[in-house]
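Step one of this worksheet: look at the structure below.
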Amino acid sequence: GESVGLHLPTLSVQEGDNSIINCAYSNSASDYFIWYKQESGKGPQFIIDIRSNMDKRQGQRVTVLLNKTVKHLSLQIAATQPGDSAVYFCAENIQGAQKLVFGQGTRLTINP
Amino acid sequence: DAGITQSPRHKVTETGTPVTLRCHQTENHRYMYWYRQDPGHGLRLIHYSYGVKDTDKGEVSDGYSVSRSKTEDFLLTLESATSSQTSVYFCAISVRVGGTEAFFGQGTRLTVV
């Protein structure tokens, strides 16, 4: 499969532990944020989103936190599993813009 | 993959040749996008479409053109491929612009030699 992002930030956690992936965004006009997961050889897959009028949103085993004061976004994955190993991207939508702007991504490795 | 098909999945071409990548969707979504993915750059928008025959440039549009003659198909053309266009290309669709997620295809790995 594809091997993009060879120079990505990496995070290794033990199976069953919680992981936190961080993302800094640049535009204070961004009003919508998404986390994507990309497995080797596949396209990015939607995980969870959050709007700028919220500071926390929970899904199944995942939580996204938004701190607009410092322009920081985080993805928390609870009780990590081997299938969580992937590259994770945050993306922001600038209000009124026609596109999502993606961060570089973080490679998460789950150790057995 | 949300009814998105990219073709071809892999292609090797020579510098200076024209190349067309196809994105086909069965979701009837209005918005379609072409991104490229390179190490150290994440995904960067090349062109997008907001309807049939309605397209606009993204942040890395030089050397690329697009066409959308019907809702379900969005074509990306490299008029004269260069080695700097070696990349993985992703098509994405969304039901509206902004404030909603985009669904991605499986990607096309293009190598220009």
Side-chain angles (χ1 to χ4, degrees), chain A residues 1-10 21 23-27 29-54 57 59 62 64 73 75 86-107, chain B residues 1-6 9-11 21 23 25 27 30-51 54-61 66 86-111:
Chain A
E2 287 82 4
S3 300
V4 296
L6 294 177
H7 305 292
L8 292 173
T10 58
I21 301 171
C23 178
Y25 65 94
S26 57
N27 199 315
S30 295
D31 62 352
Y32 177 69
F33 305 86
I34 307 177
W35 280 100
Y36 282 92
K37 172 185 180 183
Q38 186 176 25
E39 297 173 283
S40 181
K42 298 184 177 180
Q45 180 182 13
F46 171 85
I47 303 174
I48 192 168
D49 59 2
I50 189 167
R51 300 191 183 280
S52 58
N53 61 353
M54 305 170 67
R57 189 165 189 218
V62 294
V64 56
L73 194 67
L75 176 70
V87 176
Y88 290 82
F89 292 95
C90 64
E92 61 184 297
N93 180 76
I94 300 167
Q95 190 175 21
Q98 305 272 356
K99 62 179 183 179
L100 291 170
V101 176
F102 285 81
Q104 285 194 4
T106 296
R107 185 181 299 280
Chain B
D1 292 310
I4 307 170
T5 304
Q6 290 185 231
R9 292 293 315 278
H10 301 271
K11 186 171 181 65
L21 308 183
C23 177
Q25 61 145 330
E27 305 297 319
R30 179 179 175 186
Y31 296 90
M32 299 186 75
Y33 310 84
W34 276 108
Y35 285 85
R36 62 178 287 174
Q37 187 173 37
D38 304 289
H41 290 282
L43 288 120
R44 294 180 292 174
L45 183 66
I46 305 171
H47 281 280
Y48 65 95
S49 169
Y50 47 97
D54 292 323
T55 64
D56 207 346
K57 296 178 179 180
E59 59 188 303
V60 291
S61 60
V66 290
T86 292
S87 186
V88 180
Y89 291 85
F90 286 99
C91 174
I93 63 174
S94 66
V95 69
R96 61 181 184 272
V97 67
T100 188
E101 68 270 31
F103 298 97
F104 285 81
Q106 292 273 53
T108 295
R109 177 174 284 278
L110 176 67
T111 302

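Below, read A as the first sequence line, B as the second, and so on, with proteins coming before strands; counting in each chain starts at 1.
- Checking each of F90(B), Y35(B), Y33(B) against F102(A) for a ring pair (Phe, Tyr, Trp, His ring centres under 6.0 Å) leaves exactly one that passes, namely Y35(B).
- Of the listed residues (A91(A), G105(A), P44(A)), the greatest number of heavy-atom pairs within a distance under 4.5 Å of chain B belongs to P44(A).
- With sequence neighbours excluded, no residue satisfies side-chain hydrogen bond (donor to acceptor under 3.5 Å, both in side chains) with R30(B).
- Every residue two or more places apart in sequence or in another chain was checked for a ring-ring contact (aromatic ring centres under 6.0 Å, His included) with Y88(A), and none qualifies.
- Side chain of Y36(A) to backbone of E101(B): no donor-acceptor contact under 3.5 angstrom is found.
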